[in-house]
There are 2 protein chains.
Amino acid sequence: MLVGMLAARKNPKRRATRLRDPERTRERLLQAASREIYRSGFQSASLDTILASAGVTKGALYYHFKNKEALGYAVIEEVISPDVRGTWVQPLESVKDPIDALISIVQDLSVRPEDVCGGCQLNNLAQEMSPLDAGFRKRLEIIFDAWREATASVLREGQIHGNVRRNVEPADAAGLLIAMVEGYGSLAKNAQDPKVIKAGIKNIVGWLRSLRAPGNRKRG
Amino acid sequence: MLVGMLAARKNPKRRATRLRDPERTRERLLQAASREIYRSGFQSASLDTILASAGVTKGALYYHFKNKEALGYAVIEEVISPDVRGTWVQPLESVKDPIDALISIVQDLSVRPEDVCGGCQLNNLAQEMSPLDAGFRKRLEIIFDAWREATASVLREGQIHGNVRRNVEPADAAGLLIAMVEGYGSLAKNAQDPKVIKAGIKNIVGWLRSLRAPGNRKRG
DNA sequence: CTGCCAACATACCAACCAGCATGTAGCGTA
DNA sequence: TACGCTACATGCTGGTTGGTATGTTGGCAG
């Protein structure tokens with residue numbers, strides 16, 4: 001301690017004077033953590049890499065978060081959850097035709113070429129951490145449940161208004177849709193070929209059309 | 001070096017005299033590596049843990065494999081690939097009704113309660129390593145391709161024999177089936193609830209039945 | 001102008017990591 | 001019985017990890 005002081009005095013190297021904006025610092029940390037977790041997984045994303053990517057020092061990190069685990073939890077709740085909500089839940093609120101709405105969402109998944117779909121980040125983290133850490137699992141399950149419930153709900157409403165076939169079980173169909181999206185996301189990520197996700201979207205859309213109530217088909 | 005020699009002579013601790021069966025040692029390493037990679041991912045699976053699980057020392061590991069990466073590659077080629085082949089390729093060879101055969105395979109996926117399905121190990125590794133390491137990606141893609149091709153092939157034959165609807169594209173359907181299986185595997189792994197995989201199997205089977213050619217429906 | 005505290009910055013640490021250098025036991029061979 | 005080589009066993013190391021202890025500064029209250 002004394003040595004450190006003396007050294008600091010002897011060699012007054014320029015200190016990194018930073019933002020002094022705690023909210024912004026926290027947000028930068030979350031975004032950087034999200035990026036690095038997406039790149040290499042939670043366990044393999046090193047704090048030093050995250051900090052470098054965020055342009056933030058370790059002291060700032062541990063001022064805002066108790067530890068790496070807490071940072072991961074915050075990424076789920078404050079980055080991934082809003083993203084899934086924005087992609088899959090909010091667009092379904094107060095729509096006329098649920099099938100059309102779902103098709104529209106699915107087709108929009110291809111616009112982001114690199115990160116095949118935001119849902120994949122959810123899937124990545126779930127695959128990696130759910131068996132290892134109950135805290136991750138619970139938080140991720142909440143997102144999955146919201147996704148499934150929003151989809152099932154809109155399908156139920158569609159059944160009431162006669163847009164959706166009565167013999168589909170909304171909860172089952174919602175689960176199947178999510179499984180398809182996640183599954184194709186995996187395949188596309190592995191193939192690293194946008195053609196895979198395009199083909200997947202085509203197939204998912206075809207399946208979604210098959211849910212439409214007879215006499216309610218739009219085209220063809 | 002000299003110190004080590006002297007110490008060894010001074011304190012002749014019992015040396016671990018092991019198998020002396022190189023094939024078996026190698027196999028134990030592969031199995032242990034497969035287990036640990038399944039548990040915590042390739043990057044986070046430490047060699048020491050793998051070695052402890054295998055009951056093998058580090059010298060033996062580095063005698064049989066150049067490095068950790070090579071061990072991972074070997075797990076793909078000598079553990080995962082045969083597993084997928086045994087589950088999804090061989091059962092499809094010379095079957096009468098492809099739909100029945102696929103349904104049978106899918107329904108058998110539920111018998112293993114803990115590790116939801118062997119395909120998930122494939123999916124896990126693909127999700128984790130494909131974006132990071134081309135060697136992993138290529139080897140995993142070979143497995144995916146074989147899986148998809150075997151499925152597509154059996155569907156094509158089914159179309160010739162009139163068991164499968166002519167308006168399904170075998171390659172597309174095969175891809176969709178794989179996506180469904182992997183997707184439900186993900187959901188089940190995250191939910192950690194066998195009910196999820198049961199529901200998934202039910203839905204996949206329902207979809208498979210929809211591929212059957214008209215006039216060829218078995219029951220109902 | 002001064003104290004004080006939030007918001008960091010820096011230096012450091014023990015634990016762990018993959019990998020390597022070196023030693024050696026057992027078995028086949030002559 | 002001696003030799004040699006395969007198949008390991010063991011000890012070590014430099015680098016990295018998450019985490020902490022302590023120093024420092026901008027800005028605001030008084």
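Chain letters run A, B, ... following the sequence lines, proteins first, then strands; residues in each count from 1.
Taking only side-chain atoms of Asn67(A), from C-beta outward, the nucleotide of dC17(C), dG19(C), dG19(D) with the closest atom is dG19(D). In this structure, of dC8(C), dG18(D), dC8(D), it is dC8(D) that holds the atom nearest to the side chain of Ala60(B). The side chain of Pro22(A) sits closest to dA7(C) out of dG19(D), dA7(D), dA7(C).
To the nearest angstrom, C1' of dA11(C) lies 15 Å from CG of Leu51(A). Atom-to-atom, CG of Asp21(B) to P of dG26(C) comes out at 15 Å; the value is rounded to the nearest Å. Spacing between atom NZ of Lys58(B) and atom P of dT13(D) amounts to 14 Å, rounded to whole angstrom units. Put simply, OH on Tyr63(A) is 15 Å from C1' on dT24(D), counting in whole angstrom units. In this structure, Leu61(B) places its CG atom 14 Å from P of dC17(C), rounding to the nearest Å. Atom CG of Leu47(A) is separated from atom P of dC13(C) by 19 Å (rounded to the nearest Å). If you measure from atom NZ of Lys66(A) to atom P of dT20(D), you get 9 Å, rounded to the nearest angstrom. As a whole-Å value, the separation of Glu23(B) CD from dC8(D) P is 11 Å.
Taking the nucleotide of DNA chain D with the nearest heavy atom to each of Gly59(A) and Asp48(A), the more 5' of the two is matched to Asp48(A).
Close to dA7(C), at under 4.0 Å from its OP1 or OP2, lies no side-chain N or O of His64(A). Not one side-chain nitrogen or oxygen of Thr57(B) sits closer than 4.0 Å to the OP1 or OP2 atom of dC8(D). The side chain of Thr25(B) contributes an N or O atom lying less than 4.0 Å from OP1 or OP2 of dC8(D).
In this structure, Arg28(A) does not pair ionically with Glu23(A), as no charged nitrogen and carboxylate oxygen lie closer than 4.0 Å. Ion pairing of Glu128(A) with Lys189(B) is absent here, as no side-chain N (NZ or NE/NH1/NH2) approaches a carboxylate O to less than 4.0 Å.
With a 6.0 Å cutoff to the six-membered ring centre and a 45° limit on the axis angle, Lys68(B) counts as a cation-pi contact of Phe42(B).
Side chain Lys68(A) to base dG19(D): no donor-acceptor pair is found below 3.5 Å.
Side chain to side chain, Gln127(A) and Ser186(B) meet the donor-acceptor criterion of an N or O pair below 3.5 Å. Using modelled atom types, one finds a donor on one side chain and an acceptor on the other under 3.5 Å when comparing Ser34(A) with Gln121(A).
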